[in-house]
Amino acid sequence: MDKIYSFRHYEETLYTFWEDNGYFTAKIDPSKKPFCIILPPPNANADLHLGHAMYVYEDVMIRYNKLMGNETLWLVGADHAGIETQFVYEKYLKKQGKSRFDFDRKTLFNNIWEFVMENRGNMENQLRKLGFALDWSKKKFTMDEDIVKTVYLTFKHLYDDGLVYRANRLVNYCTSCGTSFSDLEVVDKEVVGNLYYIQFPIQEGGSVTIATTRPETYLGDVAVMVNPKDKRYQKIIGKTVLLPLINREIPVIADEYVDPKFGTGAVKVTPAHDENDFQVAQKHGLWKDPVIDFNGHMQNTGLDDIDRVYVVKARKLIITKLEEYGFLEKITPHDMVLHTCYRCGTTLEPLPKEQWFINVKPLKKKAIQLVKKDEIRIHPKRFKKQLIAILENFIDWNVSRQIVWGIQIPAYRCEKTNDWFVSVEQPTSCQICGKCKFIQDKDTFDTWFSSAQWPYATLQSCKNPKSEIRNPKSDDKPTPFFDYFYPTSVMETGYDILRAWVSRMIMIGYFETKTVPFQHVFLHGMVRDKKGQKMSKSKGNVINPLDMIKQYGADAVRAALIFGTKEGGDVVLSEDKILAMRNFCNKIWNIGRFIEINQSQSSSHKSQVSIQKTSPKFQNIKNIEKLRKEFAGIEKKYHTHFKNFEFAKAFDLMYEFVWHRFADYYIEELKDSVQSGSIEACQEIFTVFRACLQMLHPYTPFVTEAVWKAFHDKTTSIMQSRFEHTNKTIRS
RNA sequence: GGACCCGUAGCUCAGCGGUAGAGCGUUCGGUUCACAUCCGAAAGGCCAGAGGUUCGAGACCUCUCGGGUCCACCA
């Protein structure tokens, strides 16, 4: 063994060794306990960042379970990441002086497909560099044919159960990007805007002043609304207001919703352009078609010189006009939040658009039950409350996206009746009228809709290598891996996507499979820099995991993400810490080297050994026994931590023990007798060290395997070994 | 407005009812003898503040102050 552990000589070779010899490949073994984790699929098109490196927790669990003798599957896949990827591709097009409008739908889709496929390998190799024990033989992509089919089937099932509906709802629409966004994708921007006070004349005499930040939308108003308890306005409720400049008549209505303290206490109601107004108007049975179109231009306002004018410009024109005619009372500055497009920064326009929605009420009810009853257990515990709150507040899910890069919604509109039907297979004839040419919805699914099905969609599509004969009937195909590994054991992901992903997997997963998609959820924290700031390119504090791996080795980077952290807490990562962990890896290596040197020595001095044996040093025997006892305690604690999902604690424990107790104390104390060939001392040190290698292996797989091979047949792996003391120390 | 997390050594963080800890940094002393990517030693803390529970509180409870995150609302 070399003086220093040089990870560069080992990492790639060892990973290839593992992969080629099938150590990552899951089989179906009914005699073993299955343990399965589905890797949250990274964006196929993007490089990994430090957040992805946090999936090391999954590797820790997988490798631990392998050493426990369980049959493990860590399933790897890639996400098409709809909006994100299309955005990246469009930037790429822009560099070439083109845009998405230069292509038809099909060509654009195919181009993005090729673009993604070219880049996909990067991400996969980066996962390998991290040492992840992923089963590459079963890798999946969210746009694989069989996955798409599953997604279609789920949608059909939801549709058949009456949980899918089409509704004219307000969506956050970006008039520049030409697409709508989910609430989750909206970026809030705090600005100082204006509050405009406008006088509306009342037909019966007098006037009422309303305050608004969006004066141009008054042309789409359906009512003026006041609080029924507001004494100032009691007498105008039920009267008729004449909208300035156009003289359209609208009623004054009353609703608790109005806050009397805000503005003047009187509010204009514009159902087509404001989410709250939309809801209130619906309650009162009021509606008026939009006065802003999907390109951001005014329409149907009743004012010829305003129609077809861009909305920002229209606002100025209208204000000038209102002022000119004496309707504008005053303008005051006002702190407000703009909903903006995360892609281009344009202020999003709430616009009514027909979309597909999923009624989540029954789904979330069941999901809440599952979480509350611990059918799905959340680690760390504090996230349980948070998840329940998230589920309780879940509103109906808009799954339509107006982009090309995604799974096209399998919904078809009859040209004759305008009714819709949903079909998993490409229909040959209209299922409504039977003869028309029907048109498929142009929209694609929200990426999270396919992600929500990932656990069962992937497992169902895993082929059993032994029984390739498959039933052609799609609903009745054999799904041995699904049967064996589902529900999966643990879903491990960042706490930031509890809402977007975890909650939806539970809802959809249960709906489709009638069981939980995973038994445990383990959430990791965010990676931050030395100062506790989020890493971002603009701050220039981004640590590239691959650079660090190149410099310090994968084991060091992995260990640095875990060492000294609290479960679910954010991780502060610095180069210093990675360096410290590299030193620890070297320490592991050198303990092995010490043992190796002394083993060969003691075997060459066999004659001396027996002499040594007849003259026992009581001190050393005492130390050997002390070590044995102390290590038994460490083993017990280690396995308890794993049982409690306290992976960082288990690692901290090993770090402290291996370095500061085992190496610094015991080896130093027993050094003399080891070097003079004491068999007892050598054996005990080797036994403990062997077990330590196994216990460290989930965290630092490379160095432990490299050392392991130094003591064993080179064709074997530490991954074949099993914890020896497990029966004594833990109960399953 | 609702919820959650965090204030512990110079810095970044562990500690979850019983003698204040780690990594990095600092100071001093050590390399033929596994490792200088090392070893030994040292300095450095009213554990944010105030009450309370307890024989005993960084730890549990209440409040205050300070930092962060998520959600809701914003005419």
Dump every N/O contact between nucleotides 3-9 of chain B and the protein below 3.5 Å, one line per pair.
{"residue": "C4(B)", "atom": "OP1", "partner": "K385(A)", "partner atom": "NZ", "Å": "2.9"}
{"residue": "C6(B)", "atom": "OP1", "partner": "K566(A)", "partner atom": "NZ", "Å": "2.3"}

*asked:* Can you pull out the residues from residues 581-591 of chain A that lie within a 4.0 Å heavy-atom distance of RNA chain B?
replied: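 Hits under 4.0 Å, by residue number: R582(A), N583(A), N586(A), K587(A), N590(A), I591(A).
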_Any residue of residues 554-565 of chain A with a heavy atom less than 4.0 Å from an atom of RNA chain B_ =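 The answer is F563(A), G564(A).
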Scan nucleotides 26-32 of chain B against the protein and return all N/O pairs shorter than 3.5 Å with their distances rounded to 0.1 Å.
none

So, using side chain to side chain donor-acceptor pair (under 3.5 Å) as the criterion, who are the partners of [X] when residues are at least two apart?
{"X": "R377(A)", "answer": "none"}
{"X": "H697(A)", "answer": "R63(A)"}
{"X": "E492(A)", "answer": "H524(A)"}
{"X": "K709(A)", "answer": "none"}

Contacts of [X] that satisfy side chain to side chain contact (heavy atoms under 4.5 Å, CB included) - sequence neighbours left out:
{"X": "H334(A)", "result": "L195(A), T213(A), F262(A), M336(A)"}
{"X": "E275(A)", "result": "L170(A), Q279(A)"}
{"X": "K330(A)", "result": "Y197(A), T332(A)"}

Gap between atoms [atom1] and [atom2], on [X] and [N] respectively (whole Å):
{"X": "D570(A)", "N": "C13(B)", "atom1": "CG", "atom2": "P", "answer": "9 Å"}
{"X": "I497(A)", "N": "U69(B)", "atom1": "CD1", "atom2": "C1'", "answer": "16 Å"}
{"X": "L387(A)", "N": "C70(B)", "atom1": "CG", "atom2": "C1'", "answer": "13 Å"}
{"X": "E275(A)", "N": "A75(B)", "atom1": "CD", "atom2": "C1'", "answer": "14 Å"}
{"X": "I685(A)", "N": "A34(B)", "atom1": "CD1", "atom2": "P", "answer": "12 Å"}
{"X": "D664(A)", "N": "C38(B)", "atom1": "CG", "atom2": "P", "answer": "10 Å"}
{"X": "R499(A)", "N": "U69(B)", "atom1": "CZ", "atom2": "P", "answer": "17 Å"}

Rounded distance in Å between the [atom1] positions of [N] and [M]:
{"N": "C35(B)", "M": "G40(B)", "atom1": "C1'", "answer": "15 Å"}
{"N": "A43(B)", "M": "A36(B)", "atom1": "P", "answer": "28 Å"}
{"N": "U27(B)", "M": "G44(B)", "atom1": "C1'", "answer": "11 Å"}
{"N": "G15(B)", "M": "G7(B)", "atom1": "C1'", "answer": "15 Å"}

_For a quick test of reading the model: is some side-chain N or O of H660(A) closer than 4.0 Å to OP1 or OP2 of G23(B)?_
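H660(A) to G23(B) OP1/OP2: side-chain N or O found under 4.0 Å.
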*OP1 or OP2 of A22(B) less than 4.0 angstrom from a side-chain nitrogen or oxygen of W659(A), does that happen here?*
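No, because none of the side-chain N or O atoms of W659(A) sits under 4.0 Å from OP1 or OP2 of A22(B).
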Who is the Watson-Crick or G-U wobble partner of [N], with both distances under 3.5 Å?
{"N": "C47(B)", "answer": "none"}
{"N": "G21(B)", "answer": "C13(B)"}
{"N": "U54(B)", "answer": "none"}

*Should L219(A) and I318(A) count as side-chain neighbours, where that means a heavy-atom distance under 4.5 Å?*
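Yes, close enough: below the 4.5 Å cut-off.
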*asked:* Using the ring pair (Phe, Tyr, Trp, His ring centres under 6.0 Å) criterion, which residues pair with F702(A)? Sequence neighbours excluded.
replied: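 With sequence neighbours excluded, F702(A) shows a ring pair (Phe, Tyr, Trp, His ring centres under 6.0 Å) to W18(A), given in chain and number order.
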*With the threshold set at 4.0 Å, does a side-chain nitrogen-carboxylate oxygen contact exist between D374(A) and K384(A)?*
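A salt bridge links D374(A) with K384(A).
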*Is any side-chain N of the basic residue among R593(A) and E596(A) closer than 4.0 Å to the acidic one's carboxylate O?*
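Between E596(A) and R593(A) there is no salt bridge, as every charged N stays at least 4.0 Å from the carboxylate O atoms.
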